[in-house]
Participant: 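Following this message is one structure expressed as structure tokens.
Because the structure is predicted, anything quoted here is derived from the model rather than measured. Nothing fancy with the numbering, it's 1 onward along the sequence. Atoms considered below: every heavy atom in the structure, side chains included; atoms not considered: hydrogens, waters and symmetry mates.
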Amino acid sequence: ILKHLKEGTKNQRTFLEIFQQFTYLLTFSKLEFLCLQPQLSAPNVPVDYSELAREGAPIPPEPEAESWNPEPWMFHRDGARIEAAFRHFIHRAHPEQAEDSHEVLVCHGNVIRYFVCRALQNDPAGWLRYGAANGSITHLAIRPSGNVSLKGFGEKGHLPPEMVTYN
């Protein structure tokens, strides 16, 4: 998303239209925060950053990846941090909250895939089976009861075909 928003093209307007009702924006790097803050500024919408859920190796995937083999220590280093981010950012609303909130988290694919597995109570080791384009949008709905629905995963219809990339 960051690359496309920096270009100030139709994609920036589309992103703002999609998230016109968001109540909080969080990025997971200082660079993204500094680039996104002026472009996504909206009245009464806090924009913040946290490096807690920056890219990393969340958990050894099942089945093992053929082309991606981080060192085992990376899972220990990154996994605890990414799990802490999940527990901090992915949760039901506080009981006293009266209205819906729409929070946007801008982060990397490994983190998003792991969050989706955990939120849906699927085996988190299956995170690498999901594929999402760079700059795509994933939408999780968390109800006050704690029930979670995946409304969309890796949606990329807002991107022109020549800008759709994977890594």
Side-chain angles (χ1 to χ4, degrees), residues 1-5 9-29 32-33 35-37 39-50 52-56 58-59 61-62 79 81-167:
I1 292 174
L2 176 62
K3 177 174 100 176
H4 308 304
L5 289 176
T9 64
K10 175 181 175 255
N11 295 316
Q12 178 180 340
R13 289 188 302 278
T14 303
F15 183 83
L16 291 171
E17 290 165 7
I18 292 169
F19 293 109
Q20 64 183 324
Q21 297 179 357
F22 67 86
T23 53
Y24 181 72
L25 174 71
L26 178 74
T27 66
F28 292 111
S29 80
E32 288 173 348
F33 171 75
C35 291
L36 288 172
Q37 186 180 26
Q39 295 180 38
L40 295 179
S41 61
N44 303 318
V45 176
V47 179
D48 202 358
Y49 85 95
S50 167
L52 193 57
R54 67 186 178 276
E55 182 71 314
I59 187 173
E62 290 291 333
R81 175 180 46 76
I82 294 170
E83 175 63 22
F86 172 81
R87 291 173 184 239
H88 184 75
F89 297 114
I90 309 297
H91 54 79
R92 66 180 83 181
H94 298 290
E96 64 274 0
Q97 182 174 323
E99 296 183 20
D100 288 348
S101 58
H102 304 271
E103 300 176 3
V104 178
L105 309 179
V106 179
C107 56
H108 293 276
N110 288 357
V111 175
I112 293 167
R113 296 183 288 193
Y114 178 79
F115 281 7
V116 166
C117 287
R118 289 280 287 114
L120 295 175
Q121 298 180 356
N122 292 336
D123 182 355
W127 66 271
L128 197 53
R129 296 177 186 181
Y130 293 88
N134 296 318
S136 63
I137 297 171
T138 296
H139 179 184
L140 280 170
I142 305 172
R143 293 178 185 75
S145 66
N147 290 339
V148 178
S149 296
L150 181 61
K151 299 287 189 176
F153 180 82
E155 295 179 352
K156 58 188 183 298
H158 60 286
L159 299 172
E162 67 273 8
M163 294 181 113
V164 175
T165 59
Y166 296 85
N167 53 318

Participant: Please confirm whether the backbone N or O of Leu52 pairs with a side-chain atom of Ser50, one donor and one acceptor, at under 3.5 Å?
Facilitator: yes
Participant: Using side-chain heavy atoms (C-beta onward) and a distance below 4.5 Å, is Cys117 in contact with Tyr130?
Facilitator: yes
Participant: Salt bridge or not between Arg118 and Glu83? Use side-chain N to carboxylate O under 4.0 Å.
Facilitator: yes
Participant: How many angstroms lie between atom CD1 of Ile142 and atom CG of Asp100, to the nearest 0.5 angstrom?
Facilitator: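 Answer for the CD1-CG pair, Ile142 versus Asp100, is 12.0 Å.
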Participant: In this structure, are over 12 heavy atoms from other groups packed under 6.0 Å from Arg143 atom CZ?
Facilitator: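 Yes, the 6.0 Å shell around CZ holds more than 12 heavy atoms from other groups.
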Participant: Output yes when a side-chain donor or acceptor of Asn110 lies under 3.5 Å from a complementary backbone atom of Gly56, and no otherwise.
Facilitator: yes
Participant: Taking Arg92 for the side chain and Val148 for the main chain, is one N or O donor matched with an acceptor at less than 3.5 Å?
Facilitator: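 Such a contact is absent between Arg92 side chain and Val148 backbone.
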Participant: More than 12 heavy atoms of other residues, nucleotides or ligands under 6.0 Å from CD of Gln121: yes or no?
Facilitator: no
Participant: The test is side chain to side chain contact (heavy atoms under 4.5 Å, CB included); show your working for Ile137 and Phe153 and say whether it passes.
Facilitator: CA-CA 7 Å; Ile137 297 171; Phe153 180 82; over 6 Å; no
Participant: Under a 3.5 Å threshold, yes or no: a donor from one side chain and an acceptor from the other, between Thr138 and Arg113?
Facilitator: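 There is no such pair (donor and acceptor under 3.5 Å, judged by atom type) between the side chains of Thr138 and Arg113.
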Participant: State whether the number of non-hydrogen atoms from other residues, nucleotides or ligands found under 6.0 Å of Glu96 atom CD is greater than 12.
Facilitator: yes
Participant: Find the distance between CG (Leu150) and CG (Asn122) and round it off to the nearest 0.5 Å.
Facilitator: 9.5 Å
Participant: Is any side-chain heavy atom of Val111 less than 4.5 Å from a side-chain heavy atom of Pro58?
Facilitator: no
